[in-house]
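Computed over heavy atoms, backbone and side chain alike; hydrogens, waters and symmetry mates excluded.
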Amino acid sequence: MPEARQNVTFPSTEGAGTAHGYLALPPSGSGPGVIVIQEWWGLTDHIADIADRFAQAGFVALAPDLYGGSVAHDSAEAFRMMSELPTDRGAELLSGAVDYLLTREETTGGTVGTAGFCMGGGFVLALAARDPRVSAAVPFYGVIPGPLPDFSGLKAEILGHYGEQDGTVPPESLAALGSAIEEQSGIVPEFHLYPAGHAFFNDGRPEAYDAPSAALAWQRTLDFLRSHLG
């Protein structure tokens, strides 16, 4: 099985074991913190590359490894690995990543942003719903297995990116998601639709990648995170 990209370790949460991740630092040496949350494939080269891109844009980027070192090599294996990761356990590990990122001397500010993809997009919302230290959340075509999170404690502004031809996250599902977020938290999420399908940001999957949509979503993401994180 392929190995995940890892270069740091940190407590998963409240001393409940050790987690791993990939950390990328900006050329300036410091900046706002961003948690990058993997697709169902694992902490792949693609996710590490996104962390590197955030770092080049001025952020301290941490991609936690939710699978503990494993990377799926086909969709069946990815589905199994995602199914075996309880949402609560994943959110706990991600809260540990927030702890770690905010305690690093390179990270500026008292809150972090998050960006996640597919499974990771769902975890972006789950983490933001439970951790008020997340002030800006960016789900890319986020898959939320099971019921929606309780958004009553949400403090983060939300920018979401979705594909018009996405059969995994149908555009018509966004109305219910947006209503739940607004009714429970008072925050009105900003959702954008693109002329693309699922995983349109993944340039490692030519059958899914849509370059114009990916470029626009990336610029919107950077502008959004900079406006809310400084």
Side-chain angles (χ1 to χ4, degrees), residues 10-17 19 21 32-40 59 61-64 66 82-103 107 109-162 166 168-193 217 220-221 223-230:
F10 53 91
S12 60
T13 182
E14 298 178 358
V34 174
I35 302 289
V36 182
I37 309 179
Q38 68 191 51
E39 296 174 305
W40 68 345
F59 297 92
L62 173 64
L66 297 181
M82 179 179 72
S83 301
E84 292 174 354
L85 176 65
T87 300
D88 286 347
R89 172 58 186 152
E92 287 178 2
L93 191 153
L94 291 167
S95 284
V98 175
D99 292 338
Y100 174 72
L101 195 55
L102 286 174
T103 57
T107 305
T111 63
V112 302
T114 61
F117 306 83
C118 183
M119 177 189 82
F123 272 115
V124 159
L125 295 176
L127 175 63
R130 64 177 283 159
D131 197 325
R133 298 171 299 171
V134 177
S135 60
V138 186
F140 282 73
Y141 33 85
V143 175
I144 303 175
L148 295 178
D150 176 3
F151 293 109
S152 58
L154 179 74
K155 302 299 182 185
E157 296 296 326
I158 295 174
L159 173 71
H161 305 296
Y162 301 88
D166 189 344
T168 305
V169 187
E172 56 268 24
S173 69
L174 299 179
L177 175 60
S179 295
I181 293 171
E182 184 175 0
E183 291 170 4
Q184 295 174 30
S185 70
I187 291 171
V188 180
E190 179 182 347
F191 292 152
H192 291 282
L193 287 172
R220 284 171 168 165
T221 296
D223 293 343
F224 175 78
L225 292 174
R226 286 168 178 153
S227 68
H228 292 290
L229 298 178

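Listed for the T107 side chain is no donor-acceptor partner under 3.5 Å among the backbone atoms of G33.
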Would you be so kind as to tabulate the donor-acceptor pairs closer than 3.5 Å made by side chains of residues 168-183, with sequence neighbours excluded?
| residue | atom | partner | partner atom | Å |
| --- | --- | --- | --- | --- |
| S173 | OG | P170 | O | 2.6 |
| S179 | OG | A175 | O | 2.9 |

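Interatomic distance, W40 CH2 to M119 CE, rounded to the nearest 0.5 Å: 10.5 Å. For the atom pair CD1 of I158 and OG1 of T114, the computed distance is 8.5 Å after rounding to the nearest 0.5 Å. Rounding to the nearest 0.5 Å gives a distance of 4.0 Å between NE2 of H192 and CZ of R220. Interatomic distance, NZ of K155 versus OG of S135, reported as 12.5 Å (0.5 Å rounding). Between atom CG of residue L66 and atom CG of residue L93 there is a gap of 5.5 Å, rounded to the nearest 0.5 Å. With rounding to the nearest 0.5 Å, the separation of CG in D150 from OG in S185 is 10.0 Å.
Proximity of F140 to V138: side-chain heavy atoms (C-beta onward) are separated by under 4.5 Å at one or more points. Side chains of L154 and P149 form no contact here, defined as non-hydrogen atoms less than 4.5 Å apart. Residues H161 and L159 form a side-chain contact, since some pair of their non-hydrogen atoms from C-beta on lies under 4.5 Å apart. In this structure, the side chains of L127 and V98 come closer than 4.5 Å at one or more pairs of heavy atoms. A heavy-atom distance below 4.5 Å is not found between the side chains of L94 and V124. Within the 4.5 Å cutoff, side-chain heavy atoms of F59 are placed close to those of L229.
Partners of D131 according to the salt bridge (Lys or Arg N to Asp or Glu O under 4.0 Å) rule, which considers only residues two or more places apart in sequence or in another chain, are R133.
Partner of P139 under the side-chain contact (heavy atoms from CB on, under 4.5 Å) criterion, chosen from F123, F117, Y162: Y162.
Considering all non-hydrogen atoms of both residues, A61 and V36 come closest at CB-CG2, 4.3 Å. Nearest heavy atoms, P64 versus Q38: O-OE1, 3.5 Å.
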